[in-house]
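Throughout, protein chains are lettered first and strands after them, A, B, ... in sequence-line order, and every chain is numbered starting at 1. Computed over heavy atoms, backbone and side chain alike; hydrogens, waters and symmetry mates excluded.
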2 protein chains.
Amino acid sequence: MATDSSVQRQSGVALWRQIADRIRGAIANGEYDDTGRVPPEMALAARFGVNRHTVRSALAALAQEDIVRPIQGIGTMIVRKERLNFPISRRTRFIEGLGAQARETEGLLLQSREELASEDLLRRLELAEGSHVVRLETLRKADGRPVSRATAWFPVPWFAGIDEAYQRSGSITAAFKSLGLSDYTRVSTEVTATHADASDMKDLKLSAGAIVLVTRSLNADPGGKPVQFAISRFPADRVQFTIEN
Amino acid sequence: MATDSSVQRQSGVALWRQIADRIRGAIANGEYDDTGRVPPEMALAARFGVNRHTVRSALAALAQEDIVRPIQGIGTMIVRKERLNFPISRRTRFIEGLGAQARETEGLLLQSREELASEDLLRRLELAEGSHVVRLETLRKADGRPVSRATAWFPVPWFAGIDEAYQRSGSITAAFKSLGLSDYTRVSTEVTATHADASDMKDLKLSAGAIVLVTRSLNADPGGKPVQFAISRFPADRVQFTIEN
DNA sequence: TCTAAATGTCTATTGTTGTAGACAACCGTA
DNA sequence: TACGGTTGTCTACAACAATAGACATTTAGA
């Protein structure tokens, strides 16, 4: 608890959305685990100091996200509750990092293209002016739910064909291996957070106002030569990062 | 660019707030560095597909935050543009991490208390049942702007009096040193993101709908004994983290 | 000194958000 | 079967958000 449950009026964020975000967070924190359901609408209305109808708008939004399901006469049941944990270290691997947290993982290739490397990319991948890169747009799911949307760049000609290798295996690690790179390490990871944009909402199945964690990460081969730079976006209410030193 | 500039209607987040958040982000990304000012209201209105008055509401909110200042006849000038970078590593130090990014840093002690350690805290600090801890509530500023709000716990009797040591020096590192701990390392850091709550808005001077990055970090002495567990909250539009491995 | 471009102010209208109250429908249990 | 507690639906009204248009004011520059 310890949350003073006040909501902000006239802030440009509708009360029902603030309350929906609070309840979603409380579910993720396991605050209702003992009952398996959300408190009654009247109780929530009292707690947040709003009208019952406002709470209903919030719960309707959560039902739309398939997080709760209201049952007349009983209450509002919690359908799904998840917060995945991603370890970030020298040996960061997407699938291994999830470990036992998901029964099944999936990596989809949305798009791929070869393109001229931008200035920023040249610097990060330590490439010569005019170098080309392969860009992969990927979507990763755990147990059917999208958990990250990533754009990754790889130097060519070294990694030409990584798009097909990824499509076959659904894993960057496996794709690297099939192209002769048996090991790689995480060099650096930048973490920021921002509001979900239109494509986040579409790909990660988020609603407006949701938060995405954004990472910019660089991987290198054992000799230290950069092999991949990626910008990944994670739904903040379903994911957290852990940095072990 | 590459930002599809669409805004979401009927999402529970007012258009003026979405636009304010976008412009704040664009300023932080340096997109207007060449002119030092925001595009004219009519241009922004066209770009976001809204009425000029809606853009004015957004700019008024940013002016309220002291990020821009409108000047009649000229345009809307950018007053402040900041995104601080925090390195996270074994040797994470708040002030050193900021380095040259701020001319002046400040650490304020808001509150301190000795209390019984919670179950979670006992586990994280590896303490025996019934142990006590000192809790410090701190606020850190860089060049006068708040950049983090932290709650930190330290085992007693080892660190009894760390509140006064912190108040004198404004630095955890210095406070540790004055209590005989000359070195410590970061063991782990968890990162999540959430919406600003009422106390975030107050202490970090944020507006509703803003995003805070939340870290849960554990520090230990050179022998590996935990000396500090902290939950810190950073304004996401002014801060990013970098993990170097 | 005039003009173009920018922000400032005012009025009016429409759609969304939030409040308020009443009652229906449904469920488990006494 | 009756009751208390819960979600579902309806109407009405007030406050806020967004649009629309007109015109004033200020500034830089031709």
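Using cut-offs of 30° and 60° on the angle between ring planes, the pair B:Phe229 and B:Trp153 is parallel.
Following rounding to the nearest Å, B:Leu44 (CG) and C:dT7 (P) show an atom-to-atom distance of 8 Å. A:Leu59 places its CG atom 13 Å from the P atom of D:dT6, with the value rounded to the nearest Å. In this structure, the CD atom of B:Gln18 is 13 Å from the C1' atom of D:dA18, given to the nearest Å. In this structure, B:Glu41 places its CD atom 12 Å from C1' of C:dT9, rounding to the nearest Å. Summarising the geometry, the separation between CD1 on B:Ile74 and P on D:dT26 is reported as 13 Å, rounded to the nearest angstrom. In this structure, A:Trp16 atom CH2 and C:dT19 atom P are separated by 14 Å, rounded to whole Å. As a whole-Å value, the separation of A:Leu15 CG from C:dT16 C1' is 13 Å. Atom CE in B:Met42 sits roughly 13 Å away from atom C1' in D:dT19 (whole-Å rounding).
In this structure, A:Arg123 places its CZ atom where more than 12 heavy-atom neighbours from other residues, nucleotides or ligands lie under 6.0 Å away.
Taking 4.5 Å as the limit, every side-chain heavy atom of B:Lys141 sits out of range of all side-chain heavy atoms of B:Thr105.
Heavy-atom nearest nucleotides on DNA chain C were determined for B:Pro40 and for A:Ile71, and the one closer to the 5' end corresponds to B:Pro40.
Residue B:His53 places no side-chain atom within donor-acceptor reach of the base of D:dA17, judged by atom type and a 3.5 Å distance cut-off alone. Checked by distance alone, B:Gln72 brings a side-chain donor or acceptor within 3.5 Å of a matching partner on the base of C:dT7. Side-chain atoms of A:Arg52 come within donor-acceptor range of the base of D:dG8, with a qualifying N/O pair under 3.5 Å.
Side-chain nitrogen and oxygen atoms of B:Arg56 include none within less than 4.0 Å of the OP1 or OP2 phosphate oxygen of C:dT7. Close to C:dT17, at under 4.0 Å from its OP1 or OP2, lies no side-chain N or O of A:Thr54. Put simply, B:Ser57 has no side-chain N or O that comes within less than 4.0 Å of OP1 or OP2 on D:dA17.
A salt bridge (Lys or Arg N to Asp or Glu O under 4.0 Å) with B:Glu65 is found for exactly one of B:Arg145, B:Arg24, B:Arg238, namely B:Arg24.
In this structure, A:Glu190 pairs ionically with A:Arg124, as a charged nitrogen and a carboxylate oxygen lie closer than 4.0 Å.
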